[in-house]
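Here the structure is laid out as structure tokens; the discussion comes afterwards.
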Amino acid sequence: MTFLSRLGLALRGGVQNKCSGGAIKHYSLEEWWFSELSEDDRILIRSRYKPLGMKPGEDVLTGRGEFVSPQTTAMWLTVLAGWFKPALAKESDLILRIADKAWEVKDILAPSSGADAVFSRHLALGKLSEIYYRFRESPEYLERSLEAARMQIAMQAAAATAFRQQEIETARVLGLPLPDPIILPTHQGYTRMAIVLEKKKQFNQALNLVREAQAAEWSGDWEKRVQRLEQRLNK
């Protein structure tokens with residue numbers, strides 16, 4: 001290819017790869033959107049991604065409108081992946097490529113901040129563990145699923161604090177009474193690892209993990225799991 005040809009392609013790419021707004025610009029994903037995804041990928045994404053509140057004909061991905069969200073980039077990408085069907089080969093491939101991008105940026109909190117950023121990272125790790133576990137026939141994806149679960153467990157204390165801060169702020173803004181106690185949601189990382197350890201017959205490790213989740217006050221069927229694991233250990 002001649003220099004002028006390469007220059008022409010670069011100029012065309014420069015014109016094409018512009019975002020005036022939308023989610024792609026908000027999350028600084030222009031390079032990924034225009035260079036790593038194909039035109040067919042972008043068409044499929046546009047046809048499927050219909051978030052709540054989206055108006056007919058509105059371009060929430062690359063349009064002029066401002067995109068506002070408290071989510072981290074990784075969390076938004078895992079939500080995007082949820083719009084596709086893993087049973088369809090073409091869509092399962094796209095799910096994995098979106099998840100791989102989310103994995104790449106999982107530790108970046110911006111443009112989110114504060115408690116929103118911390119809890120959004122927690123949620124993103126849970127979703128990544130869930131997505132990759134669907135493809136657990138691949139040793140690589142199984143290990144990545146478990147790594148996301150372990151990372152989510154490692155940050156559980158920070159995530160719990162962030163969730164409580166969010167609940168306090170929501171009650172303040174809406175003028176509502178503060179829930180007492182503030183009940184933590186379920187924790188995908190603890191649940192995933194407890195299931196995996198139990199399947200591997202590593203009952204002591206599973207029991208210790210379940211008791212840790214219970215002591216940290218994450219919602220779940222922990223008492224039922226404790227009883228079952230104790231029974232297995234006593235056989």
Can you tell if the side chain of [X] reaches within under 4.5 Å of the side chain of [Y], non-hydrogen atoms only?
X      : Y      : result
Arg48  : Glu91  : yes
Gln156 : His122 : no
Phe135 : Ile95  : yes
Ile24  : Trp76  : yes
Met151 : Asp107 : yes
Tyr141 : Leu96  : yes
Phe119 : Pro185 : yes
Leu61  : Phe67  : no

Has [X] got a side-chain atom pairing as donor or acceptor with [Y]'s backbone, closer than 3.5 angstrom?
X      : Y      : result
Trp32  : Ser28  : no
Ser145 : Ser129 : yes
Thr78  : Met75  : yes
Gln214 : Arg211 : no
Asn234 : Glu230 : yes
Thr186 : Ser219 : no
Asp100 : Arg97  : no
Lys200 : Leu197 : no
Thr191 : Gln188 : no

On a heavy-atom basis, which atom in [X] and which in [Y] lie closest, and how many Å separate them?
X      : Y      : answer
Val79  : Gln71  : CG2-NE2, 3.9 Å
Ala102 : Leu128 : CB-CD2, 3.9 Å
Asp116 : Gln166 : OD1-NE2, 2.8 Å

Quick check for you: to the nearest 0.5 Å, what is the distance between [X] atom [atom1] and [Y] atom [atom2]?
X      : Y      : atom1 : atom2 : value
Arg144 : Tyr132 : CZ    : OH    : 4.5 Å
Gln205 : Phe203 : CD    : CZ    : 10.0 Å
Met193 : Gln202 : CE    : CD    : 8.5 Å

### Query
Between Trp33 and His26, does the ring centre distance come in under 6.0 Å?
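No: the rings miss the under 6.0 Å criterion.
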
### Query
Is the closest side-chain donor-acceptor distance between Arg46 and Thr62 under 3.5 Å?
yes

